[in-house]
Amino acid sequence: MTNKPPLVSDQDTAFYGTRYFAAVPIIVMLAPVIALTFTGVLSTEVLVATGIIGLVAGSLLNRRKKEYWDVVTQALTDPLGLTVFSLFL
């Protein structure tokens, strides 16, 4: 049995803390949406607001902010991504 190095070490991550901090933005996006779904209060404004809050939370936890926002703007301007995004709206 050999000891394989982890795919991503905690020193290589772009997020402060451990590599699990990269999950915080998606949790920030989804937790309020799921909670509000069970109460019956769901709208497009809630989805957009939690998405923006999640992006800002990800930016605050990220060490390389310019790289982070470059990836975000690249993803938001991708034609295929915009098609998928418009299908959900």
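What you see is a predicted model; the values in this text were computed from it and never measured.
Across all non-hydrogen atoms, the minimal contact from P25 to G58 is CG-CA, 3.4 Å. Of all the heavy atoms in I27 and P32, the pair that sits closest is O-CD, 4.1 Å. Pairing each heavy atom of L60 with each of K65, the nearest pair is O-NZ, 3.7 Å.
Residues satisfying the side-chain contact (heavy atoms from CB on, under 4.5 Å) test with L30, not counting sequence neighbours, are I26, I34. Contacts of E45 classified as side-chain hydrogen bond (donor to acceptor under 3.5 Å, both in side chains), with partners at least two apart in sequence or in another chain: S43. Listed by chain and number, the residues in a side-chain contact (heavy atoms from CB on, under 4.5 Å) with T77 amount to none (sequence neighbours excluded). In this structure, the side-chain contact (heavy atoms from CB on, under 4.5 Å) partners of L36, at least two apart in sequence or on a different chain, are T39, V41, V46. Contacts of S59 classified as side-chain hydrogen bond (donor to acceptor under 3.5 Å, both in side chains), with partners at least two apart in sequence or in another chain: W69.
A continuous path of ILVMFWY side-chain contacts below 4.5 Å connects I53 to L61, so both sit in one hydrophobic cluster. There is no path of hydrophobic side-chain contacts, each under 4.5 Å, that joins L80 to V71.
From L55, atom CG reaches atom OG1 of T50 across 10.0 Å, with rounding to the nearest 0.5 Å.
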